Amino acid sequence: MAERPTSPHLSVYRMYRYTLLTSVLNRATGLVLALGLILMVYWLMALAAGPAAYARAAALLGLGVFKLVWLALLAVFSYHLCAGVRHLVWDTGRGLERAQSRASAYLVLIASAVVFVALAAWLLGRGQAS
Amino acid sequence: MAEFRLPANSRIRTGVTHEAPPGAREVRKLRIYRFDPSSGQNPRLDTFELDVADCGPMVLDALIRIKASVDSSLTFRRSCREGICGSCAMNIDGVNRLACTTSLHDLGREIRIYPLPHMPVVKDLVADLTQFYAQYASVKPWLQAQTPPPPDSERLQSKEEQERIDRPAACILCACCSTACPSYWWNSDRYLGPAALLAAYRWIIDSRDEASGERLDALEDPFKLYRCHTIMNCTDVCPKDLNPAKAIAEIKKMLVQRQS
């Protein structure tokens, strides 16, 4: 007999369900943060390489495009942070009932937006001051 | 390993359309996954236009109606038609549920029905559950005790002790939870999945069972237990309103607590 086919999964499952959506977002933001770390390492290496290298890196990373990248990384960081806290609470055995986990999914979205706005305002404010 | 694309023999072709009978009053389109092992062909998606005014209220009624009057080769499992046997679990409009407790009126004009996700398909909506049952058996879902029962009575429990296992013991093994779990999709060869872990938990916390230590030993494994990443699809879809995700979290906690 021919091998049995595998029933469809990702292509048919409802992805916008809050469970899958928050899980995929958490992983995707983690991945983006890891990539963002490359920029951070570049900046740190420039810092260690002396004033001339640092001036070049600072000029490059200060470009408008990179300001947008930083803002995006900040948004991604805010979500990943809040989602991580949700997982920590879950690991204590709390908040795992259906209604609770649905509520916390929305709570994480709201909280991460607040954290993002607060962090962005603080950083932009510092940028203005200096 | 995570294999996001379906293998070549599993990709779905367009199937045939069975049009609604003349004079139909309330037509719904049911798009149903079909696979005939004797055809040697890939699975296909057939469309059945059904007059739901002339049919019972549940998705299972619609399937039975189609089998009785449109296409007798349509194959699916069903038995109790009241959500206690767990036979008719399938993926309806993107979510795993029991066909017999899902009302047609809660769904749209077009209803997509597939077998339980990421499972070997025997025929049409019938998934091969051999491995799922083997995983259930592997957690030894029966009472293990060295102490003999009292000679003149059963092994008694307090009301509270019974209430702790009331919910986990109500599992009907429909496999909605395990086949909704992406971790189970990618690692079902080594990850036990929510249903089997819920059963394990049910026996670990049973006041009469004396093998909790061995049961925890057996689960302390990077794959069997720890492939759970708290995605919560299991608890989200359970048709009996049980909570496998919480059971798994409690097992993880017990494993940490016994180290100290």
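Please read these numbers as outputs of a predicted model, since none were measured by experiment.
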Tell me the closest heavy-atom pair linking [X] and [Y], and the distance in Å.
X	Y	answer
B/Ala249	A/Gly93	CB-CA, 4.4 Å
A/Thr6	B/Val121	C-CG2, 4.5 Å
A/Pro5	B/Ser10	CA-OG, 3.3 Å
B/Lys253	A/Thr92	NZ-O, 3.2 Å

query: Does anything in residues 99-113 of chain B pair up under side chain to side chain donor-acceptor pair (under 3.5 Å), and if so which pairs, sequence neighbours excluded?
result: B/Arg31-B/Glu110
message: What part of B/Pro120 gets within 4.5 angstrom of chain A, counting heavy atoms only: side chain, backbone, both, or neither?
response: both
- prompt: Given that the side chain runs from C-beta out, which part of B/Phe4 has a heavy atom under 4.5 Å from chain A: side chain, backbone, both or neither?
  reply: both
Would you say that more than 12 heavy atoms from the other residues, nucleotides or ligands in this model lie under 6.0 Å from the [atom1] of [X], or not?
X	atom1	result
B/Tyr226	OH	yes
A/Arg94	CZ	no
B/Lys29	NZ	no
A/Tyr42	OH	yes
B/Arg13	CZ	yes

Residue, of A/Met15, A/Arg27, A/Arg102, that accumulates the most heavy atom pairs under 4.5 Å with chain B: A/Arg27
task: Under 4.5 Å, counting heavy-atom pairs only, tell me which of A/Leu20, A/Asp91, A/Val12 racks up the most with chain B.
output: A/Val12
message: Looking at chain A, which one of B/Val256, B/Val95, B/Leu116, B/Ile248 has the largest number of heavy-atom pairs inside 4.5 Å, strictly under?
response: B/Val95
Ring pair (Phe, Tyr, Trp, His ring centres under 6.0 Å) partners of A/His87, counting only residues at least two apart: A/Trp90
message: Under the rule for ring pair (Phe, Tyr, Trp, His ring centres under 6.0 Å), what residues qualify as partners of A/Tyr13, not counting sequence neighbours?
response: B/Trp185
Could you give the distance from [atom1] ([X]) to [atom2] ([Y]), rounded to the nearest 0.5 Å?
X	Y	atom1	atom2	result
B/Asn9	A/Glu3	CG	CD	6.5 Å
B/Ile231	A/Arg17	CD1	CZ	14.5 Å
A/Asn26	B/His229	CG	NE2	11.5 Å

- prompt: Side chains of B/Ile12 and A/Pro8: does their closest heavy-atom pair fall under 4.5 Å?
  reply: yes
task: Report yes if the side chains of A/His9 and B/Leu6 come closer than 4.5 Å at any heavy-atom pair, otherwise no.
output: yes
message: salt bridge (charged side-chain N to carboxylate O under 4.0 Å, His left out) for B/Arg167 and A/Glu97? Distances and angles first, verdict last.
response: CA-CA 13 Å; B/Arg167 266 180 89 198; A/Glu97 292 301 329; 3.7 Å; yes
- request: Identify the residues of residues 232-246 of chain B whose heavy atoms come closer than 4.5 Å to a heavy atom of chain A, ordered by number, or report 'none'.
  value: B/Met232, B/Asn233, B/Thr235, B/Asp236, B/Val237, B/Cys238, B/Asp241, B/Asn243, B/Ala245, B/Lys246
- request: Spell out, as yes or no, whether a donor-acceptor pair under 3.5 Å connects the side chain of A/Ser7 to the backbone of B/Pro115.
  value: no
